[in-house]
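The structure under discussion appears below in the form of structure tokens.
What you are looking at is a predicted structure, and each value in this text was computed from that prediction instead of being measured.
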Amino acid sequence: MSSFNQSQRTWTIRILFIAIGCIIIARLFSLQIMDDRYKIMADDQAIYRKVIYPARGVIVDRNGKTLMYNNITYDLAVTPAKITEQMDTVLFCSIMDITPEDFQKTINRVIQRNGRLKSGVFQSQLTPEQNARMQENLYLFPGFEMVERTTRTYPQPIGAMIFGYISEISSKMLEKEEYASYRQGDYVGMTGLEHVYEDVLRGQRGVQYLVRDVLNRPRDAYKDGALDTPAVGGKTLELYLDADLQAYAEELMKGKMGSAVAIDPKTGGILAMVSAPSYDPNLLTGPNRSKNISKLFADPTTPMFNRAIQAEYPPGSTFKPMTALIGLDVGAITPAFGYPCGGGYYSCGRRIGCTHSGGGHAANLRVALANSCNAYFCHVFRLTIDDRKKYNNVKTGMQAWYDYLYNFGLGHPLGVDITGEKGGFVPDSAYFNKKYFGQWNSCTMVFMGMGQGELLMTPMQLANIMCIIANRGYYYTPHFVKSIANNPNDSLLSKYLQKHEVTHIPPSYYQAVIDGMEDVVVRGTGRVAQLPDVAVCGKTGTVENYAILHGKKEKLDNHSVFVCFAPKDDPKIAIA
């Protein structure tokens, strides 16, 4: 019996080895005889593998108006190891309008980036003349190939800071894990929407196999394209942006230095965003892109600096509605609270001037907002953080005040869907403990009640504050993109659909502040903003502006700020 079992085991092992051998032989046959992919890789002289780059996704405004479209351009790529000694370098340099020294420098740069065996970009975005001459003579230059690309063109010269720009990926970027699927020569969004939504705008590369002719020129499709992989174009972004409103806002800001932001309070959708001075986004496309971007960065008016989300200013009197809301909520004041201002605030041992001196201009909250009384809001701020009934001491009150502002989206970036957003600055108790070694009181930072002192905000944050007041206590993170490929519920947009309830402040307190802001426009400091048949609620602000010039503190022109929303009872727009 044991002899039979031993014989059975022997035959089992033999059959197993035979089966494994058959599998290996069949696989080798498949790889070497049946599968064309490996033949193509081994026979690059006969078959040309052409990478097809997809068109980037288009961006349209809220009305479906195309804000940018794609143009086909060509890059000249080179594989240094394939360049032969017989190549006519003089003819090549003549076609490209470069010197032999430039030719060698560029080849060395490609080798330094990619090595000799990998393809790299010799020159990006050829001019039409270079493209025509090179297409005709390319077969004379082994190692060189034309790579088709799509670049952006903007029918209206607007929204440069919003869209951003695309550029060839750098070597340092390729070292990062997030760019693992890219290769040298690929284009990538560098700033703005182009960068934030890169994954949906870029699309997916395709591959086409072509048979070379006797002159080494790619001609017909190999196997009728059976092995080709089609390129998949990028997805379309639909924005909340209104192209006409954006163009109008940019026209108003010409010749000025500043910014303007408009948001739909109901959705958080950004209707317009201007940073001035600006530039034509078409400057950052085409063969002169590198020269133009260098000029823009060197421009002393800093057109590449997005003042709407990166500039941080004291908000001035536009902050007074916030001072009022917090004071009402902690119980420091009521809407009927008045202050006997005679032209300044003197309770901290120094005069803080007010623009009004006549009696009754701060008789209650509504009147004080309309007249923008500095003394009133300095006093409300002190009452708020130094309320012994609510807080143990001023340091606890100051920290509670900081928490209010943080919940209102201040002191940190809001999360706008373009690059470079700053968060402003809101000091807390720890900041003042460090600065004054623990020795401070409500008079130390009394200026913050009127929106000055250490407090800093971006124009985007100011516009968002208007959204919160217009909505009576909530906001959606400001954002540009409304839908991706006609899908407003795309997972990338989910965070912008979340309502942020900022605090428990009762609607009646919001209403008291809103009534005062209406009076600002009807009979107060913002009468210039009146519109027929539209109830506008606004607030003006002026902030002193200083700079260190030649080692001395010099006073410059004041910062002027205006915030508003309209209509009062069914707000459609909030502006800073």
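Heavy-atom minimum distance, Phe565 versus Pro571: CD1-CB, 4.1 Å. Across every non-hydrogen atom of Gln498 and Tyr476, the tightest pair is O-CD2, 3.4 Å. Taking all atoms of both residues into account, the shortest heavy-atom contact from Cys467 to Ala574 is SG-CB, 3.7 Å. Contact detail for Val561 and Pro315: the closest heavy-atom pair is CG2-O, 4.3 Å. Across all their heavy atoms, Asn114 and Ser119 have their closest contact at ND2-O, 3.1 Å. Closest heavy-atom contact between Thr477 and Leu414: CG2-O, 3.3 Å.
For Asn108 and Gln112, the side-chain atoms include no donor-acceptor pair closer than 3.5 Å. Ser317 and Ser372 share a side-chain donor-acceptor pair at under 3.5 Å. In this structure, a donor-acceptor pair under 3.5 Å is present between the side chains of Gln130 and Gln123.
Rounded to the nearest 0.5 Å, atoms CD1 (Ile465) and CG (Leu325) are 9.0 Å apart. For the atom pair CZ (Phe92) and CG (Asn137), the distance works out to 11.0 Å, reported to the nearest 0.5 Å. To the nearest 0.5 angstrom, Lys295 atom NZ is 13.0 Å from Ile293 atom CD1. Between the OG1 atom of Thr151 and the CD atom of Gln125 there is a distance of 5.0 Å, given to the nearest 0.5 Å.
Sorted by first then second residue, the salt bridge (Lys or Arg N to Asp or Glu O under 4.0 Å) pairs that include residues 168-182, not counting sequence neighbours, are Arg113-Glu168. Applying the salt bridge (Lys or Arg N to Asp or Glu O under 4.0 Å) test to pairs two or more places apart or on separate chains, none has a residue in residues 276-293. Residue pairs meeting the salt bridge (Lys or Arg N to Asp or Glu O under 4.0 Å) criterion with at least one member in residues 308-326: none, sequence neighbours excluded. Annotation: salt bridge (Lys or Arg N to Asp or Glu O under 4.0 Å) contacts involving residues 243-260, sequence neighbours excluded, comprise Lys65-Asp244, Glu251-Lys254.
Inter-residue side-chain proximity for Ser167 and Val188 is flagged as unmet; no heavy-atom pair is nearer than 4.5 Å. Using a 4.5 Å heavy-atom threshold, the side chains of Arg62 and Leu271 count as touching. Contact annotation: the side chain of Ile270 approaches that of Val416 to within less than 4.5 Å [non-hydrogen atoms, C-beta and beyond]. For the pair Ile166/Leu201, no side-chain contact is recorded, criterion being any heavy-atom separation below 4.5 Å from C-beta on. You'll find the side chain of Leu126 reaches within 4.5 Å of the side chain of Met146, heavy atoms only. Two residues are said to be in side-chain contact when any heavy atoms from C-beta on lie closer than 4.5 Å; Ile469 and Pro321 meet this criterion. Inter-residue side-chain proximity for Leu405 and Phe319 is flagged as met; some heavy-atom pair is nearer than 4.5 Å. Contact of the Thr191 side chain with the Met161 side chain is not registered, since no non-hydrogen atoms from C-beta on lie closer than 4.5 Å.
A search for salt bridge (charged side-chain N to carboxylate O under 4.0 Å, His left out) contacts involving Glu421 returns nothing, not counting sequence neighbours. Judged as a side chain to side chain donor-acceptor pair (under 3.5 Å), and not counting sequence neighbours, Tyr510 has no contacts. Evaluation of the side chain to side chain contact (heavy atoms under 4.5 Å, CB included) rule for Asp97 yields no partner, not counting sequence neighbours. For Lys568, the salt bridge (charged side-chain N to carboxylate O under 4.0 Å, His left out) partners are Asp515, Glu518, not counting sequence neighbours. In terms of the salt bridge (charged side-chain N to carboxylate O under 4.0 Å, His left out) criterion, Arg183 has no residue partners (sequence neighbours excluded). Residues meeting the ring pair (Phe, Tyr, Trp, His ring centres under 6.0 Å) test with Phe163, sequence neighbours left out: Tyr154. For Phe305, the side chain to side chain contact (heavy atoms under 4.5 Å, CB included) partners at least two apart in sequence or on another chain are Thr302, Arg307, Gln310, Ala311. For Glu238, there are no salt bridge (charged side-chain N to carboxylate O under 4.0 Å, His left out) partners at least two apart in sequence or on another chain.
No donor-acceptor distance shorter than 3.5 angstrom exists from the side chain of Asn71 to the backbone of Thr153, with no hydrogens or angles considered. Put simply, the side chain of Asp75 never gets that close to the backbone of Ala77: no donor and acceptor are under 3.5 Å apart. In this structure, Asp490 contributes its side chain and Ile484 its backbone to no donor-acceptor pair below 3.5 Å. Side-chain atoms of Gln156 never come within 3.5 Å of backbone atoms of Leu67 as a donor-acceptor pair (strictly under, hydrogens ignored). Without hydrogens or angle criteria, Glu198 side chain to Gly189 main chain gives a donor-acceptor distance under 3.5 Å. In this structure a side-chain-to-backbone donor-acceptor pair under 3.5 Å is missing from Asp519 to Leu369. In this structure, the side chain of Thr419 engages the main chain of Gly192 through a donor-acceptor pair within 3.5 Å. Side-chain atoms of Glu148 never come within 3.5 Å of backbone atoms of Tyr53 as a donor-acceptor pair (strictly under, hydrogens ignored). Under the 3.5 Å distance criterion, the side-chain polar atoms of Gln461 are matched with a main-chain donor or acceptor of Gly409. For the pair Asp417 (side chain) and Phe480 (backbone), a donor-acceptor distance under 3.5 Å is present.
Put simply, the residue from Phe144, Tyr74, Phe141 that forms a ring-ring contact (aromatic ring centres under 6.0 Å, His included) with Phe122 is Phe144. Of the residues Val60, Val58, Val200, the one that meets the side-chain contact (heavy atoms from CB on, under 4.5 Å) test with Leu237 is Val200.
Other residues, nucleotides and ligands contribute more than 12 heavy atoms inside 6.0 Å of the CG atom of Asn63. A 6.0 Å sphere centred on OH of Tyr406 holds no more than 12 heavy atoms belonging to other residues, nucleotides or ligands.
The pair Lys266-Asp570 meets the salt-bridge criterion, with a side-chain N (NZ, NE, NH1 or NH2) lying under 4.0 Å from an Asp/Glu carboxylate O.
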Task: Test log, rule side-chain contact (heavy atoms from CB on, under 4.5 Å), inputs Leu193 and Leu239 - done: CA-CA 10 Å; Leu193 295 174; Leu239 308 186; 3.9 Å; yes

Open item on the list: Go through it in stages, so that I can follow the logic: the residues are Val481 and Leu493, the test is side-chain contact (heavy atoms from CB on, under 4.5 Å), and I'd like the CA-CA distance, side-chain angles, deciding distance and then a yes or no.
Closed with: CA-CA 8 Å; Val481 176; Leu493 304 178; 3.8 Å; yes

- [ ] Let me see the working for Thr458 and Ile309 under side-chain contact (heavy atoms from CB on, under 4.5 Å), right down to the final yes or no.
- [x] CA-CA 6 Å; Thr458 67; Ile309 62 171; 5.5 Å; no

Open item on the list: Arg205 vs Asp186, test: side-chain contact (heavy atoms from CB on, under 4.5 Å). Steps then yes/no.
Closed with: CA-CA 10 Å; Arg205 287 191 299 257; Asp186 283 355; 2.5 Å; yes

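With Tyr187 as the aromatic partner, Arg56 does not meet the cation-pi criteria of under 6.0 angstrom to the ring centre and within 45 degrees of the ring axis.
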